[in-house]
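All remarks here apply to the structure that follows.
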Number of protein chains: 2
Amino acid sequence: MKSTPSFIDDSCLEPKYSETATRILDAAERLFVEFGLEATSLRQITQQAAVNLAAVNYHFRSKNALFEAVFARRFAPWARECLHELDALEARVAAGQGTIDVESVVMCYVRPAFALSKDPSRGGVMFVRLFSRVLVENHRQLREKLSRDWGHLVTRYTDALGRALPRLLSEEIAWRLHLGFSVMFHAFAGNDILKLFGRSAVSARDPDLIVKHVVPFVVAGMSATADGKPSAA
Amino acid sequence: MKSTPSFIDDSCLEPKYSETATRILDAAERLFVEFGLEATSLRQITQQAAVNLAAVNYHFRSKNALFEAVFARRFAPWARECLHELDALEARVAAGQGTIDVESVVMCYVRPAFALSKDPSRGGVMFVRLFSRVLVENHRQLREKLSRDWGHLVTRYTDALGRALPRLLSEEIAWRLHLGFSVMFHAFAGNDILKLFGRSAVSARDPDLIVKHVVPFVVAGMSATADGKPSAA
DNA sequence: GTACGTTTAAAACGTTTGTTTGAGCTGGAG
DNA sequence: CTCCAGCTCAAACAAACGTTTTAAACGTAC
């Protein structure tokens, strides 16, 4: 009955794919994350998935459509979880059990990424890495398909952060959310600039360690005043 | 006479390329940044550069070698500038004109990126965007070629930040540097998560605006205590 | 003017790409 | 059993890829 279909509804939890299609999705996910869309061939994917080459064009329409399916399979449950976190936060506040503070908002998007990273059955860290790729590369088809759901999520987070930092202009809120998201995603994706061209002292793949270091950093950054000093509580 | 050649020496400032080679580099840079290495064909590049297809394999050995050349042309002067910033900071401190504080260290890597972004003759924002791509994609050849110079830069920044935050363990220092770099690069590269799948209130392409918003965020994040509150000055 | 190394031009090379085809297999319904 | 839809398979398709080859044009030194 919805005139504008959304990825984020109850249907996103049903297992929609046959075993062959799932094996294709799994293999494609691994390879897209590792090498990117263009650098991964359908023959690599079907070989890793141990299925026939034509199965890709049978179950999914094309290579691009396969990429969309790979992304959407993880995106929908993740976005759903984010919305639940936000709902729970606002319910707690409405019930008078505390106010919205910056850390609560940050945790509303750190927790879903953290949970995902620890759950191999949902691809583990794969989705976050894929997301960080989509962030850098330009996949116009994806933008069009997901702009509605993503826009809704951003609006919700913006509102929540705005209530946690009522003194800031909405433009400032948008910037801090942007930067905070950026830190979290790239940290979970393991895009470590320090070890880019070699070794690093930091082993940035343990989700617990990531949360431990990222959350204080982001909370402090979001709470900063314009002159770099923390805001007076 | 050097046994281990480095990209960062005086030779990196000389114009090494003929006009044809330069046109190839410029076109390749634009396209690599926009679409990535694999999604860009040599025919696209030579067409945009208005040169013959074979010129690429004549001036540069191969497509991969061209990519390295594109990157190295911008990386070397940028890294040089970073080192100058660090040298200047340490010289100021040695002369007794103040101490190393967090903002000074942050500015040591924000300023070169800012200067680059405002200078079209050095490709403007192209290099930062290219760098953010290299950060996500896996270009092993680049890693091997640049690991020495990059490692040196990281060591210098780590030392400086360690002096600005003497109470923190070296592991903590590495994490904050990692996260701070991440924010700055992706902000300058314009990888805006908020506008990922649609419109955004933030127009994140003006370098002055980026500095204005990123520096306070990063400085506050780096100065945070483990519990999310800013450290006592 | 001639001979030279350097740079450009166009065509062709052999692979690999995403996609399509058409025949063959399988398993439950009538 | 027959039948047919759902699915798999090997083979082939045209197009595009990076790279190589061959010849022609260029500027410079003798």
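Everything numeric in this text was worked out from a predicted model, so none of it was measured.
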**OP:** Identify whether any heavy atom of A:T20 sits under 4.0 Å from a base atom; if not, whether one sits that close to sugar-phosphate; answer base, sugar-phosphate or nothing.
**Re:** sugar-phosphate
Original post:
What are the bounds, 5' to 3', of the part of DNA chain C that sits under 4.0 Å from heavy atoms of chain A?
Top reply: C:dT17 to C:dT21
Original post:
Of B:F131, B:W78, B:Y157, which meets ring-ring contact (aromatic ring centres under 6.0 Å, His included) against B:Y109?
Top reply: B:Y157
Subject >> ring pair (Phe, Tyr, Trp, His ring centres under 6.0 Å) against A:F32, all qualifying residues, sequence neighbours excluded >> reply: A:F67
Original post:
Does A:R73 come within less than 4.0 Å of A:D26, counting only side-chain N to carboxylate O?
Top reply: yes
**OP:** Between A:A54 and B:L37, just flag the one whose closest nucleotide in DNA chain D comes earlier from the 5' side.
**Re:** A:A54
Subject >> Distance in angstrom units between A:Y17 OH and D:dG6 P, rounded >> reply: 18 Å
Original post:
Checking all strands, does A:S62 fall into the base, sugar-phosphate, or nothing category for heavy-atom contacts under 4.0 angstrom?
Top reply: sugar-phosphate
Original post:
Does the side chain of B:L66 come within less than 4.5 Å of B:L25's, by heavy atoms?
Top reply: yes
Original post:
5'-most contact on DNA chain C: B:A21 or A:E38, nearest heavy atom basis?
Top reply: B:A21
Subject >> NZ/NE/NH1/NH2 to OD/OE distance under 4.0 Å, A:E172 and A:R176 >> reply: yes
Original post:
According to the interplanar angle, ranging from 0 to 90°, do the rings of A:Y17 and A:F60 count as parallel (below 30°), tilted (30 to 60°) or perpendicular (above 60°)?
Top reply: tilted
Original post:
A:Y58 OH to D:dC7 P: how many Å, rounded?
Top reply: 4 Å
Original post:
Reckon A:A55 touches a base, only the sugar-phosphate, or nothing at all at heavy-atom distances under 4.0 Å?
Top reply: nothing
Original post:
OP1, OP2 of D:dG6 versus side-chain N and O of A:H59: anything below 4.0 Å?
Top reply: no
Subject >> Nearest-Å distance for atom pair CG/P, residues B:L53 and D:dT19 >> reply: 10 Å
**OP:** Find the distance B:L42:CG to D:dT20:P and express it as a whole number of Å.
**Re:** 11 Å
Subject >> Partner set under salt bridge (Lys or Arg N to Asp or Glu O under 4.0 Å) for B:R111, not counting sequence neighbours >> reply: B:E85
Original post:
Which whole-number value in Å describes the distance from A:N57 CG to D:dT8 P?
Top reply: 13 Å
Original post:
Within the structure shown, what part of the strands sits under 4.0 Å from A:T46 by heavy-atom distance: base, sugar-phosphate, or nothing?
Top reply: nothing
**OP:** Send over the distance from A:N52 CG to D:dA11 C1', rounded to a whole Å.
**Re:** 10 Å
**OP:** Return the value, rounded to whole Å, for the distance between atom CZ of A:R23 and atom P of D:dC7.
**Re:** 14 Å
Subject >> For atom CZ of A:R43 and atom P of D:dA10, their distance in whole Å >> reply: 13 Å
